[in-house]
Amino acid sequence: PLTICINYYVYAIKTSGHIILSLSILLLGVVITSGAGASGGGLNIIGFTFSCLAVVTTSVYRIWQGTKQKEFGISSDALMAGTAGGQ
């Protein structure tokens with residue numbers, strides 16, 4: 001969802017209504033589940049902070065990856081192989 005918001009507000013890239021509807025249903029489930037976890041004492045500020053950081057960094061990386069794929073005209077596998085290094 002954050003990737004869609006960044007694409008829309010920063011790059012003016014629109015997403016289809018079907019995808020937005022699917023994500024809305026998914027997010028409703030996440031909110032309900034998170035609310036149940038918070039009321040049971042299972043949610044803390046450190047976990048919340050790290051989860052928000054994970055979502056932001058993943059969204060920014062996905063946008064960067066898509067930009068570089070278009071810039072160099074390569075597949076996602078080729079980009080990953082070029083940036084990951086030897087393993």
Separation between CD1 of Ile6 and CZ of Arg62, rounded to the nearest 0.5 Å
11.0 Å
Thr67: what forms a side chain to side chain contact (heavy atoms under 4.5 Å, CB included) with it, not counting sequence neighbours?
Ile63
Please determine whether the number of non-hydrogen atoms from other residues, nucleotides or ligands lying under 6.0 Å from atom CD1 of Ile46 exceeds 12.
no
Applying a strict under-4.5 Å side-chain criterion to I, L, V, M, F, W and Y, I'd like to know whether Val56 and Tyr8 cluster together.
no
Would you say Ile4 and Leu23 make side-chain contact, with heavy atoms under 4.5 Å?
yes
Heavy-atom pair with the smallest gap, counting every atom of Ala54 and Thr58:
O-OG1, 2.8 Å
Cluster link Val10 to Ile13, ILVMFWY, side chain under 4.5 Å
yes
What's the separation between atom CG in Leu2 and atom CG in Asn7, rounded to the nearest 0.5 Å?
9.5 Å
Any donor and acceptor pair, going by atom type alone, linking the side chain of Ser51 with main-chain N or O of Phe48 inside 3.5 Å?
yes
Is Leu28 linked to Val55 within one hydrophobic cluster, defined over Ile, Leu, Val, Met, Phe, Trp and Tyr using a side-chain heavy-atom separation of less than 4.5 Å?
no
Could you go through the side chain to side chain contact (heavy atoms under 4.5 Å, CB included) check for Lys68 and Gln65 one step at a time?
CA-CA 5 Å; Lys68 291 301 174 186; Gln65 182 183 20; 6.0 Å; no
Qualifying ring pair (Phe, Tyr, Trp, His ring centres under 6.0 Å) pairs with a residue from residues 49-76, counting only residues at least two apart or across chains
Tyr61-Trp64
Which value, rounded to the nearest 0.5 Å, describes the distance between Ile20 atom CD1 and Lys14 atom NZ?
10.0 Å
